[in-house]
Amino acid sequence: MNESEKEEKPLDFIRSTVKQDQEDGKNEGRVHTRFPPEPNGYLHLGHAKSICLNFGIAEEFNGLCNLRLDDTNPVAEKTEYAQAIMDDLRWLGFDWEERLFHASDYFGQLHDWAVQLIQDHKAFVCDLTFEEMRELRGNLIEPGKESPFRDRTVEENLDLFQQMKEGAFDEGSKTLRAKIDMSSPNLNLRDPVLYRILDQEHPRTGSVWKIYPSYDFAHGQSDSIEGITHSLCTLEFEHHRPLYDWFCENLGIHHPQQIEFARLNLNYTVMSKRKMLRLVQEGHVHGWDDPRMPTLSGMRRRGFTAQAIKNFCERVGLAKRENVIEIELLEYCLRDDLNKKAVRRLGVLNPLKITIENYPSGQTEEVDAINNPEDEDAGTRKIPFSREIFIDRNDFMEDPPKKYFRLAPGKEVRLKYAFYITCKEVVKDENSEVSELICTYDPESRGGDSPDGRKVKGTIQWVDARSAVACKVNLYDRLFSNPNPEDGEEGKDFVDCLNPDSLEIVESALVEPSVQDFEVGEPMQLERVGYFCIDSDQPEDGSLVLNRSVAMRDSWAKKAKK
RNA sequence: AGCCUGGUGGUGUAAUGGUAGCACAGAGGUUUUUGGUACCUCUAGUUGGGGUUCGAAUCCCUGCCGGGCUGCCA
């Protein structure tokens, strides 16, 4: 991309702000963002949008982006998740260099700031129970009432807070709260909790802390400590911004700018960690990396490329309005990337045997096949061909409709890269199912052209019977049958919208021999069928399992449906 | 109900007072040894009503609709 093209591309509202700030010399022209996941689950496509935004902006504006694990709640957080987060980020291709941080790195500083607020008469220790606090908070239309403990002396607060820290009190018996405004229309400002007592081992700090800061008390300050300039988050934090600002101002520390954007929603799926956790725990899917999951690990296993995901994140755009992206855009991005990258192979999902009666039995030859018509550098390969082959059942019809270009009694088709064949006879089994086709071939048509120049409209894929490799294939479809499982009809749970056919297993497909040489996850296109890769979970007997990443576009199927 | 926030083709996103554009989806076509890809054409939009203005998606007023907010989650 040259400079003028860069100029012309319109900036989203966040980039416009960042650009303006940089030009105005705000933060000395520095741009520093961060990606702050909580290690309580796996990263998903929604996170990818945020990742691309934060790392993308840092790169575009000559800045930096930190990775910060927001580990303020040891109840739900695990190192397993932290590890997976880093694996996924690296796979996507982003590098935080030496800037891996944890909110827990700042527990000491956060504690000192809490003490500072107490000394400034801006925070107090509260003995209210969970229920009492909720009652006094008021509601959407009525102001709250102040806690009876709000006027404790600084000394008393300091002493109590110290004891909280030392573990003198039971979990839930006391909190440290900010003194802001119990009548604020923004409920987050009604004396929010800064610290709660949690009798919980922390994955990083062990048992040294008995109290843990809340999100509101940790996030902005963590940003501040790291010198973040633009703190980008999703819309649901909009109501927290006044609090974010309040802490930075009242503590007198560097004040990053929080900017909110709309999170990503995709139809036919769910995009919340909580819901995904349920899918995993209740066994609706086979784990966080189930290829039907919108997690990055699931998508990777399914055969998505990092590039396809990044392209998608760029195309979905960025704004403040709620959005639901159509899953077709995701599929488009995958096909678009794979079309350029994936080498082509031949395979049949549903084999139908063909005997070529005029081909000498016992003879085998090799035909040349192009590895990728979109990439000359991918070269060619040889595929074995002989008297007995298999084609896909979909490519034969005994009684074909008009404009059906594939094989039918008396019709001629081209076997890709090989010969023209003509169907002479249909053999049926005892159930009158088609069990085999007897065909003839045209020896002159080797390579797929005949010297007489006759037109053969249909070209189909095939495999040689003797050398083909059997494999199992997982065909994945959308996880939900409802476009918006997140808010189905009333009383309807999102798991009721699960698509019962989201996984179709083909037990005995046949592929050309070289497919065995692929590595796990390496993309291939089975011509005319779709994009596939070898599953990461391979059976111990050495047999092959393929995952379908996405089917080819199929305009014939669309037409035939009408 | 109160507060906050948002409304541009089916979906998403541009245009910030001057020709409503792009992508995906949909329809049709050309090319093709993948009914793929590529290419071409078409369909389709400013939430309603007032106002300001030579001129409004854009500014003002008002209605309507969507989303968020009453965790010691993040």
Side-chain angles (χ1 to χ4, degrees), chain A residues 9-12 36-38 40 70-73 75-77 103 126 128-130 133-135 137-144 171-177 184-188 190 192-198 211-212 214-216 218-219 233-242 260 262 267 273-274 315-333 335-336 339-340 344 346 369-370 373-374 403-406 413-418 420 445 447-449 456-461 525-531 551-560:
Chain A
K9 201 180 164 202
L11 298 178
D12 57 69
E38 183 188 12
N40 68 343
D70 206 353
D71 55 354
T72 55
N73 185 2
V75 178
E77 295 154 9
C126 185
L128 254 28
T129 63
F130 199 94
M133 203 185 291
R134 173 158 32 97
E135 234 159 84
R137 185 157 35 228
N139 56 40
L140 269 12
I141 40 177
E142 285 169 26
E171 201 170 298
S173 64
K174 282 182 168 48
T175 55
L176 181 73
R177 296 222 263 160
S184 169
N186 181 345
L187 293 267
N188 293 129
R190 321 249 260 228
V193 168
L194 272 35
Y195 267 97
R196 73 277 209 191
I197 299 169
L198 247 34
I211 53 172
Y212 292 93
S214 63
Y215 165 84
D216 286 312
H219 200 90
C233 62
T234 44
L235 250 28
E236 64 266 31
F237 293 101
E238 213 159 7
H239 307 262
H240 293 254
R241 182 168 13 113
E260 310 86 12
N267 61 12
K273 270 196 263 189
R274 251 191 9 256
R315 280 168 181 268
V316 295
L318 190 71
K320 292 195 81 155
R321 82 178 82 151
E322 300 283 336
N323 61 83
V324 182
I325 308 293
E326 293 177 331
I327 199 162
E328 285 84 355
L329 181 63
L330 218 212
E331 294 176 347
Y332 167 82
C333 290
R335 289 193 189 103
D336 184 51
N339 177 48
K340 293 176 264 183
R344 317 284 131 127
L346 301 185
I370 294 165
E374 308 291 322
K403 298 253 184 118
Y404 184 81
F405 304 139
R406 284 109 100 153
V413 293
R414 172 166 39 233
L415 296 176
K416 180 113 188 177
Y417 304 128
Y420 292 174
S445 64
D449 286 305
V456 172
K457 183 86 175 160
T459 303
I460 63 176
Q461 81 278 16
Q525 182 197 101
L526 293 182
E527 294 208 42
R528 303 208 311 131
V529 184
Y531 293 96
M552 301 299 277
R553 277 187 66 185
D554 189 348
S555 53
W556 167 250
K558 222 177 269 172
K559 199 182 282 181

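Using a 4.0 Å heavy-atom distance criterion, A/Glu374 is classed as a base contact. Residue A/Arg134 is classed as a sugar-phosphate contact, given heavy-atom separations below 4.0 Å to backbone atoms only. Across all strands shown, A/Pro373 has heavy atoms under 4.0 Å from base atoms, whether or not it also approaches the sugar-phosphate. Counting any heavy atom pair closer than 4.0 Å across all strands shown, A/Gln525 reaches a base atom. A/Phe237 comes within 4.0 angstrom of a base, heavy atoms only. Here A/Val324 lies in heavy-atom contact (under 4.0 Å) with sugar-phosphate atoms only. Within 4.0 Å of A/Asp449, counting heavy atoms only, lies at least one base atom of the nucleic acid. Looking at heavy-atom distances under 4.0 Å, A/Arg414 makes contact with a base. Using a 4.0 Å heavy-atom criterion, one finds that A/Leu235 contacts no nucleic acid atom at all. When heavy atoms are screened at a 4.0 angstrom cut-off, A/Thr129 is found touching base atoms of the nucleic acid. The residue A/Lys403 sits close to a base: some heavy atom pair falls under 4.0 Å. Using a 4.0 Å heavy-atom criterion, one finds that A/Arg321 contacts the bases of the nucleic acid, with or without backbone contacts as well. Nucleic acid contact class of A/Glu322 (heavy atoms, under 4.0 Å, all strands): sugar-phosphate only. A/Ile460 comes within 4.0 angstrom of nothing in the nucleic acid, heavy atoms only.
Rounded to whole angstrom, the span from the OH atom of A/Tyr531 across to the P atom of B/rU34 amounts to 13 Å. Going from atom CG of A/Asn186 over to atom C1' of B/rG71 covers 15 Å, rounded to whole Å. As a whole-Å value, the separation of A/Arg315 CZ from B/rA25 C1' is 13 Å. A straight line from CG of A/Asn40 to C1' of B/rG71 spans 14 Å, rounded to a whole angstrom. Protein atom CD1 of A/Ile197 is 16 Å distant from nucleotide atom C1' of B/rG71, rounded to whole Å. Rounded to whole Å, the distance from NZ on A/Lys558 to C1' on B/rG29 is 15 Å. As a whole-Å value, the separation of A/His240 NE2 from B/rC73 C1' is 10 Å. If you measure from atom CG of A/Asn188 to atom P of B/rG68, you get 15 Å, rounded to the nearest angstrom.
Judged by Watson-Crick or G-U wobble contacts below 3.5 Å, the nucleotide B/rC42 has B/rG26 as its partner.
By the stacking rule of 5.5 Å between ring centres and under 30° between planes, A/Tyr215 does not stack on the base of B/rA74.
Side-chain polar atoms of A/His239 and A/Asn188 form no donor-acceptor pair below 3.5 angstrom.
Taking the side chain of A/Glu527 as heavy atoms from C-beta on, and the options B/rC72, B/rA1, B/rU34, the nearest nucleotide is B/rU34. With distances taken from any side-chain atom of A/Pro10 to the nucleotides B/rU34, B/rA25, B/rA14, the minimum falls on B/rA14.
Salt bridge A/Glu171/A/Arg196: absent, no basic N to carboxylate O contact under 4.0 Å.
Each of A/Arg528, A/Glu527, A/Arg344 was scored for a side-chain hydrogen bond (donor to acceptor under 3.5 Å, both in side chains) with A/Gln461, with one residue passing: A/Arg528.
The base of B/rG10 sits within donor-acceptor range of the side chain of A/Glu326, with an N or O pair under 3.5 Å.
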